[in-house]
Participant: 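Structure in structure tokens, see below.
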Amino acid sequence: MSTAETPGSSNFIRTIINEDLHSGKHDQVITRFPPEPNGYLHIGHAKSICLNFGLATEYQGRCNLRFDDTNPTKEEDEYVEAIKQDVAWLGFAWGEQPLFASDYFAQLYRWAIKLIEKGKAYVDSQNAEEMRANRGTLTQAGTDSPYRNRSVEENLQLFEKMKNGDFADGSHILRAKIDMAAPNMNLRDPAMYRILHAQHHRTGDKWCIYPMYDFAHGQEDSIEGVTHSICTLEFEDHRPLYEWFLKELEIFAPQQIEFARLNLSYTVMSKRKLLQLVNDQHVDGWDDPRMPTVSGMRRRGYPAAAIRSFCERIGVGRNASWIDLSILEDCVREQLNETSFRRQAVLKPLKVTITNYPHDKVEELEAPNHPQRPEQGSRMLPFCNELWVDRDDFMQAPPKKFFRLGPDREVRLRNGYIIKCDEIIKDDSGEVVELKCSADLDTLGKNPVGRKVKGIIHWVSARHAAKVTVRSYDRLFNQENPDKAENYLAALNPESLHVSEALVEPSLLAARGGETFQFERVGYFTVDSKDSGEGQPVFNRTVTLRDAWAKMK
RNA sequence: UGGGGCGUCGCCAAGCGGUAAGGCACCGGAUUUUGAUUCCGGCAUUCCCAGGUUCGAUUCCUGGCGCCCCAGCCA
């Protein structure tokens, strides 16, 4: 477990834990991260993972990875494998084996019988529509089921038959007998077990009844000795139920604590919607670099440390909050600036010919891998009289503040000479196709005397450059909150992916999948692990560099 | 309109009766062969509003207002 990060600021959960430790209520901290294996993990889950595993580490306790697999119709092994990989990649460990709610099915079944015997649960034979109709509304009490007062014996028999598979799906259901008039809807005789003749990813067809979340989660926590069961705010209304089951079952009662889920601007977070983006092929898969999934961010090139740092920075509270994407991006840049080697790459090429440099001469110019860290070494850049520079670094009629190429303007070639633009070549349509420049050959590694050249631009040798595919990503949605749109799909950004060919320094051809480089003055780019071939790297733009000039414009 | 929550700077977020931390964003300025990084400096006399208690309230009380969640045999 690699959590050398800062302890972080105070939050209400740390306060509760500290109190519990000081009062002697607990002498250790046990948490859990309980995903349902019905989709891939996203940045919202990452917040929960960092919180739960982070707390366990901080208090030298334990955090269980427990799959909440109580609904066989939606859960698959593919998801449990992906989730395990994501949690591990984020830097957390869960002991020898992950846990599963399905491991507790037998115990849960015995507990259901116990409640029936106590007269606290009954088999209802209304269908789903009748149950809904009799549940009442937010302002009106519900009505008791006509089956509510079946005898314990009859309930026991019926429930056993449910378990044995004697009934069709939906024909009967086990309910807790609480209060059909409770103002909290969750207490109006909530469902405990439903009949589901479905293949479970782990138990196969052993069971044909499955516990509902409410009848499973608290008991799972209890079995595992979880001290603090941390979940999101929507479950707040379920807490009385959570506590009711534990009390009626007379078993250890963990404390449920709710926090606000993460909302990120310009993205959606619901698994249903993410699944639809995948199924309808609006994206390339769960791990498409535009997805807010852990696997998508990993493929995009976000370091795990950046995600951890992000989760620490945003804090934990109970306000429904919207986090600005810029915070995540700042965390990513913070990490990548430290670790990434610098390289030169031209994304929008414009030809430059150095008129006073010999046609047949080639020089190797030394360039540091990381200017702030000379110990990281250097690589050699081939230089000749034909270069590519970026179109954005040239203007025919530049404003005074444009510190780049323009008629008669001088500029430093990064890691190379100072050149001056003498002549502009255009094609028939008037488009600039080439610049003729002269180099000051006495400016390698030193400044010219008598004048100052402020601008620096990146370049590659046209005779040596390699051509690679670059995928530039933009936000997946155009609206700050896609959920507010009539249809969130309409808020999809049609320009979220831009594929282009870039000309890069030859050393980049050896880049391996997952490696990230800073293309100087442009951004951070990560070699795609799926689509890159041997000697044919495909670069995903992880994040751009900050661009003060872009702001000035 | 039933129940449960939440309201501190543009976005997050500390604070828990003693006179508003921090981060992101933003605005200045310094250094710089990345208009990057780094570095300095600025950025809420005010804590949803109105009353009240108190020597003193963002913190306590009362009343408003606003926002979020709940009527799956999903989790």
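By convention in this document, chain letters (A, B, ...) are assigned in the order of the sequence lines, proteins followed by strands, and residues within each chain are numbered from 1.
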Participant: Does the pair A/L387 and A/Y357 meet the rule for a side-chain contact (heavy atoms from CB on, under 4.5 Å), with working shown?
Facilitator: CA-CA 12 Å; A/L387 311 174; A/Y357 197 84; over 6 Å; no

Participant: Between B/rU34, B/rG2, B/rA14, spot the one nearest the side chain of A/L545, thanks.
Facilitator: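 Of all the options, the side chain of A/L545 is nearest to B/rU34.
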
Participant: Could you measure between the two C1' atoms, the one in B/rU31 and the one in B/rG15, and give it in whole Å?
Facilitator: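 Approximately 37 Å lies between the C1' atom of B/rU31 and that of B/rG15.
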
Participant: With the side chain of A/S326 defined as its heavy atoms from C-beta on, choose the nearest nucleotide among B/rC69, B/rU32, B/rC24.
Facilitator: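 When the side chain of A/S326 is considered, B/rC24 is the closest of B/rC69, B/rU32, B/rC24.
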
Participant: Would you indicate, yes or no, if B/rA75 has its OP1 or OP2 atom less than 4.0 angstrom from a side-chain nitrogen or oxygen of A/T70?
Facilitator: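 The answer is yes; a side-chain N or O of A/T70 sits under 4.0 Å from OP1 or OP2.
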
Participant: Considering only B/rG3, B/rG5, B/rG35, which nucleotide approaches the side chain of A/R318 most closely?
Facilitator: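 The nucleotide sitting nearest to the side chain is B/rG5.
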
Participant: By nearest nucleotide on RNA chain B, pick out whichever of A/F403 and A/A191 is the more 5' one.
Facilitator: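 The residue mapped nearer the 5' terminus is A/F403.
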
Participant: Look at the side-chain N and O atoms of A/R521 and state whether any lies under 4.0 Å from the OP1 or OP2 oxygen of B/rG35.
Facilitator: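 Yes, A/R521 has a side-chain N/O under 4.0 Å of OP1/OP2 on B/rG35.
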
Participant: Syn or anti for B/rG72, please, going by whether the chi angle lies within 90° of 0.
Facilitator: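 Syn.
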
Participant: Would A/H217 and A/F235 count as a close aromatic pair, with their ring centres under 6.0 Å?
Facilitator: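 No, the ring of A/H217 stays outside the 6.0 Å limit from the ring of A/F235, centre to centre.
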
Participant: Under 6.0 Å between ring centres, would you say that holds for A/W459 and A/F383?
Facilitator: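 For A/W459 and A/F383, the ring centres are under 6.0 Å apart.
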
Participant: Counting side-chain heavy atoms from C-beta on, which of B/rG72, B/rC24, B/rU34 comes nearest to A/R135?
Facilitator: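 Closest nucleotide to the A/R135 side chain: B/rG72.
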
Participant: Tell me whether the count of non-hydrogen atoms from other residues, nucleotides or ligands lying under 6.0 Å of CZ in A/R261 goes above 12.
Facilitator: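 No.
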
Participant: According to a strict under-4.0 Å criterion, is A/N38 in side-chain N/O contact with OP1 or OP2 of B/rA75?
Facilitator: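 So the side-chain polar atoms of A/N38 never come under 4.0 Å of the phosphate oxygens OP1 or OP2 of B/rA75.
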
Participant: A/E236 side chain: which of B/rA71, B/rG5, B/rG15 is closest?
Facilitator: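 It is B/rG5.
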
Participant: Would you measure the distance from the C1' atom in B/rG23 across to the matching atom in B/rC43 and give it in whole Å?
Facilitator: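 B/rG23 and B/rC43 have their C1' atoms separated by 14 Å.
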
Participant: Which atom pair, heavy atoms only, marks the closest approach of A/Y210 to A/T70?
Facilitator: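 So the two residues come closest at CB-O, 3.5 Å.
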
Participant: Choose from B/rG35, B/rA75, B/rC26 the nucleotide whose nearest atom is closest to any side-chain atom of A/H238.
Facilitator: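 Out of B/rG35, B/rA75, B/rC26, the nucleotide with an atom closest to A/H238's side chain is B/rA75.
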
Participant: Ring stacking, A/Y213 with base of B/rA75, under 5.5 Å and under 30°?
Facilitator: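 Not stacked: fails the 5.5 Å / 30° test.
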
Participant: Just to confirm, is there a sub-4.0 Å distance from OP1 or OP2 of B/rA75 to any side-chain nitrogen or oxygen of A/R194?
Facilitator: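 Yes.
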
Participant: Does OP1 or OP2 of B/rG7 have a side-chain N or O of A/N319 closer than 4.0 Å?
Facilitator: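 For B/rG7, OP1 or OP2 has a side-chain N or O of A/N319 closer than 4.0 Å.
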
Participant: By nearest atom, which of the nucleotides B/rG72, B/rU34, B/rG3 is closest to the A/D237 side chain?
Facilitator: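 When the side chain of A/D237 is considered, B/rG3 is the closest of B/rG72, B/rU34, B/rG3.
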
Participant: Of the nucleotides B/rG2, B/rG72, B/rA71, which has the atom closest to the A/M212 side chain?
Facilitator: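 From the listed options, B/rG72 comes nearest.
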
Participant: I want to check one thing: is the phosphate of B/rC26, taken as OP1 and OP2, less than 4.0 Å away from some side-chain N or O of A/K551?
Facilitator: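 Answer is yes, contact under 4.0 Å.
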
Participant: Check this one for me: any side-chain N or O of A/T137 less than 4.0 Å away from OP1 or OP2 of B/rG2?
Facilitator: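 Answer is no, no contact under 4.0 Å.
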
Participant: Using atom CD of A/E234 as one end and atom P of B/rG4 as the other, report the distance to the nearest whole Å.
Facilitator: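 So the CD-P distance, A/E234 to B/rG4, works out to 18 Å.
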
